[in-house]
Amino acid sequence: WCFGRAYDPTFNSEQSLPERLWNKLVLYLLFMSFGLILLKWIISLRQDGMPFAKRTFGFISIALFAEMLFMAIFQGGSLAENILISFVFLIMSIMFTGVGLTIRRRLNKFAQSTVVRTNSRRICITSNTCTILFLVRCFAYVYWPLSGYQGFKNETVQRWYYPWLYYTIP
């Protein structure tokens with residue numbers, strides 16, 4: 001779908017229910033996969049909070065699934081939907097920043113062995129990458145309704161922006 005949209009300027013997909021369901025399912029899986037990474041990082045910080053973190057993750061997962069299903073069935077794409085999705089991306093970006101910094105600070109308290117420095121660097125790179133990519137998605141989802149659903153004026157930029165930033169990254 002992304003390649004078809006990027007390489008064929010006349011590409012047009014029908015906004016049918018199956019396509020909306022697949023789009024929302026993929027978005028839900030994106031949220032859940034990165035949410036599981038956050039959950040693992042949070043549990044590694046504090047073992048005694050594990051049952052609470054798992055329950056919270058379960059509740060958020062069910063609520064987000066219901067919301068995605070609702071948006072797919074009832075012709076999503078409204079301003080409220082884009083702001084909600086943008087807000088979830090923003091929260092995940094903030095969570096990756098906060099949890100990554102906390103883990104890194106704790107690792108730096110240990111003896112500075114090669115293993116600790118390597119893991120600290122990996123956590124920093126992962127945290128920063130996720131933060132940047134989720135912020136890009138946050139702004140992409142907010143820009144679309146704020147532009148009056150017009151996107152960019154330049155056709156080339158529009159062909160690349162919509163399928164690659166709005167749907168694909170990260």
Side-chain angles (χ1 to χ4, degrees), residues 1-8 11-46 49-100 102-103 123 126-152 157-170:
W1 185 88
C2 288
F3 282 114
R5 178 124 175 120
Y7 289 112
D8 183 7
F11 180 83
N12 188 9
S13 62
E14 299 271 332
Q15 283 296 319
S16 62
L17 179 61
E19 181 185 348
R20 285 194 313 270
L21 282 173
W22 280 112
N23 284 341
K24 298 305 176 208
L25 177 66
V26 168
L27 192 59
Y28 174 75
L29 291 176
L30 177 127
F31 286 143
M32 290 303 100
S33 62
F34 282 93
L36 285 172
I37 294 168
L38 274 174
L39 178 66
K40 180 64 176 166
W41 281 14
I42 290 169
I43 289 173
S44 73
L45 287 174
R46 189 170 172 186
M50 184 169 45
F52 176 73
K54 285 184 176 180
R55 274 188 239 120
T56 303
F57 179 76
F59 175 75
I60 291 171
S61 299
I62 291 169
L64 197 57
F65 181 76
E67 173 61 27
M68 292 291 174
L69 189 60
F70 179 79
M71 287 188 294
I73 292 172
F74 295 106
Q75 291 287 341
S78 68
L79 178 63
E81 174 189 343
N82 281 358
I83 288 175
L84 173 74
I85 292 171
S86 178
F87 182 71
V88 172
F89 280 125
L90 182 63
I91 293 297
M92 292 196 73
S93 175
I94 292 168
M95 292 287 296
F96 269 106
T97 300
V99 173
T102 304
I103 291 175
I123 288 170
T126 303
S127 174
N128 291 338
T129 302
C130 288
T131 298
I132 290 168
L133 292 176
F134 279 119
L135 279 176
V136 166
R137 289 291 298 264
C138 173
F139 292 124
Y141 269 83
V142 168
Y143 179 76
W144 183 246
L146 293 179
S147 70
Y149 301 100
Q150 299 300 312
F152 293 100
V157 172
Q158 176 65 19
R159 276 192 323 186
W160 287 97
Y161 158 79
Y162 187 69
W164 294 103
L165 293 180
Y166 193 77
Y167 278 118
T168 307
I169 296 175

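When reading the values below, keep in mind they use all heavy atoms of this one structure, side chains included, and skip hydrogens, waters and symmetry mates.
When each of I103, T97, T102 is checked for a side chain to side chain contact (heavy atoms under 4.5 Å, CB included) with V99, only I103 meets the rule.
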Under the side-chain contact (heavy atoms from CB on, under 4.5 Å) criterion, do I85 and R137 qualify, and how do the steps go?
CA-CA 9 Å; I85 292 171; R137 289 291 298 264; 5.9 Å; no

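M68 is listed as a side-chain neighbour of L27, based on a closest heavy-atom distance under 4.5 Å. Residues P51 and R55 are in side-chain contact: their nearest non-hydrogen atoms beyond the backbone lie under 4.5 Å apart. Counting only heavy atoms from C-beta outward, the side chains of S127 and W41 approach each other to under 4.5 Å. Considering only heavy atoms from C-beta on, L64 comes within 4.5 Å of M32 through its side chain. With a 4.5 Å cut-off on side-chain heavy atoms, S61 and F31 do not count as touching.
In this structure, T131 contributes its side chain and F96 its backbone to no donor-acceptor pair below 3.5 Å. With hydrogens and angles disregarded, no donor-acceptor distance shorter than 3.5 Å links the side chain of S86 to the backbone of I83. No donor-acceptor pair closer than 3.5 Å links the side chain of S93 to the backbone N or O of F89. A donor-acceptor contact shorter than 3.5 Å is absent between the side chain of T126 and the backbone of I123.
Atom CG of L39 sits about 9.5 Å away from atom CE of M95, to the nearest 0.5 Å. Separation of atoms SG (C130) and CE (M92) is listed at 8.0 Å; rounding is to 0.5 Å.
Aromatic rings from F134 and F34 are positioned such that their centres are separated by under 6.0 Å.
Environment of CZ in F65: sparse, with no more than 12 heavy atoms of neighbouring residues, nucleotides or ligands closer than 6.0 Å.
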